[in-house]
Asks: 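Right, I'll just put the structure down here and ask away after.
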There are 2 protein chains.
Amino acid sequence: VTVYLVGAGPGDPGLITARGLELVRSCDALVYDRLVSTELISEAPPGAIRIGRDHLEQAAIDDLLLRLGRHRHRIVRLKGGDPFVFGRGGEEALALIDAGIPFEVVPGVSSISAVPASAGIPITHRGVSSQVTVVSGHAPGELDIDALAALQGTLIIFMGLHALAEIVEGLLAAGKPPETPAAVISRGSTPEAETVVAELAAISDAARTLPTPALVVVGEVVALSAALQQEALSLLGEPARVPA
Amino acid sequence: VTVYLVGAGPGDPGLITARGLELVRSCDALVYDRLVSTELISEAPPGAIRIGRDHLEQAAIDDLLLRLGRHRHRIVRLKGGDPFVFGRGGEEALALIDAGIPFEVVPGVSSISAVPASAGIPITHRGVSSQVTVVSGHAPGELDIDALAALQGTLIIFMGLHALAEIVEGLLAAGKPPETPAAVISRGSTPEAETVVAELAAISDAARTLPTPALVVVGEVVALSAALQQEALSLLGEPARVPA
């Protein structure tokens, strides 16, 4: 028995790793997150159990993996993005260790870079940014807003849409220039992707109607998107397709 | 004609994306970085031109892509990690735009998370770290060491081995606790991977003999590696293998 904690990537099913796709295609149980594409789920063998984790608490998922681990041989736990970047993969791994169930971690393409890339934004760029800070906007009260406002480079906020007004207000109050370029990318790397670009002071209003999940990018690299997106044939072309 | 800027992932050839592998297998010209695995290079069709970028300056690579773009149809520029994370993919994209050559960006698994994962370190973990800052140690004089020392969460340093003593000294002088857990992971996600774990004050000495490339991780998440690495059957098991 092995449980494979596999990153599915940011949305486009072609961005799962070759190794991850191979494991999905040979598993006998698949436990997947809400944001994993249906194309990837359909790659599991016909005889495999498929369980969406929708509405399951983390403790229930841990428990589910342990129960499956007692009866199935090859269990794939397919998680959006990368299991170890805001993915709670460490918690699932520790639960498996406690139960004595062997596991393997297969990293995935994180939204950190792939979602900005899909909007023409490189998160580092020579002469523009050589530092990236990634935070979760889930609990904005826990952020050290003063420190974040003072940082050089690129700031990326996962799950930042709901609290965006509060976070932006904090950054501006802490001295971040209001004209700093900012972007919100909704459903990045999927066919439903939408991007809004504005100055920091205006980004919260501009992104008001975008659906989640969304990634927020703040920094001068956002200004590169005008050149990189307009002229490219495609960035992350042909999404929603799994290579044969 | 299209130039595909493809991320090869952190070293293990199974960690290229399914889409990236498909493009390598169908290209007629492949331009690859020094750290890309030979297994991936050998996946290009027999008739494809293969050019290692070894010792080429960035301007020469840009020029090479432009020249190939005039004579070949499907050019894959295979870069270690992710093209837009310290990969200078933005520069190559802008050069292609200037020349009117269509391109597409295919993100890759960045070392940011995959290399720590290979050593049993989740870069975020509930209750331990919900913030990650990534910098390059290439030019340590350009780092805002005081700001980095004051940050909460996980600090990751790319190309940080050569200047590690200087960076650590700066962090300690700026008040970072000397007992902060730290790790240096050399050649992460390859069969030659080596990891050293020590307190921040001792990490530079401990990692003195490790070969490059190496990733430095500083923060409480490093302490999780003892549990996650010791008990796991394998982390990133079976490296150096491309699925059929």
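All figures in this text were calculated on a predicted structure; none of them were measured in a lab. Letters A, B, ... are given to chains in the order of the sequence lines, protein chains preceding strands, and every chain is numbered from 1. Below, each value reflects all heavy atoms present in this structure, side chains not excepted, and no hydrogens, waters or symmetry copies.
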Asks: Starting at CD1 of Ile123(B), measure out to CD1 of Ile112(A) and round the result to the nearest 0.5 Å.
Replies: 5.0 Å
Asks: Please report the shortest heavy-atom distance between Ser113(A) and Asp82(B), naming the atom on each side.
Replies: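 That would be OG-OD1, 2.7 Å.
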Asks: Do any of residues 150-161 of chain B come closer than 4.5 Å to chain A, heavy atom to heavy atom, and if so which ones, in number order?
Replies: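 Residues in range: Leu151(B), Gln152(B).
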Asks: Check each atom of Arg126(A) against the heavy atoms of chain B and say whether the ones under 4.5 Å are side chain, backbone, both or neither.
Replies: both
Asks: Between Phe84(A) and Ile121(B), which heavy-atom pair has the shortest distance, and what is it?
Replies: CD1-O, 3.8 Å
Asks: Between Thr17(B) and Gly14(A), which heavy-atom pair has the shortest distance, and what is it?
Replies: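 So the minimum-distance heavy-atom pair works out to CB-O, 3.7 Å.
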Asks: Using every non-hydrogen atom in the two residues, find where Pro107(A) and Leu15(B) come nearest and quote the distance to one decimal.
Replies: CD-CD2, 4.0 Å
Asks: Give the intermediate values and the outcome of side chain to side chain contact (heavy atoms under 4.5 Å, CB included) for residues Arg19(B) and Val109(A).
Replies: CA-CA 12 Å; Arg19(B) 169 99 176 117; Val109(A) 172; over 6 Å; no
Asks: Report, one line per pair, each donor and acceptor closer than 3.5 Å where one atom sits in a side chain of residues 139-146 of chain A; sequence neighbours left out.
Replies:
unit_1: Asp144(A); atom_1: OD1; unit_2: Ala147(A); atom_2: N; d: 3.3

Asks: So which of Val135(B), Leu148(B), Val132(B), Val221(B) has the largest heavy-atom pair count under 4.5 angstrom toward chain A?
Replies: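 Most heavy-atom pairs under 4.5 Å with chain A: Val132(B).
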Asks: Can you tell which of Gly20(B), Gly108(B), Ser110(B), Gly89(B) has the highest number of heavy-atom pairs within less than 4.5 Å of chain A?
Replies: Gly108(B)
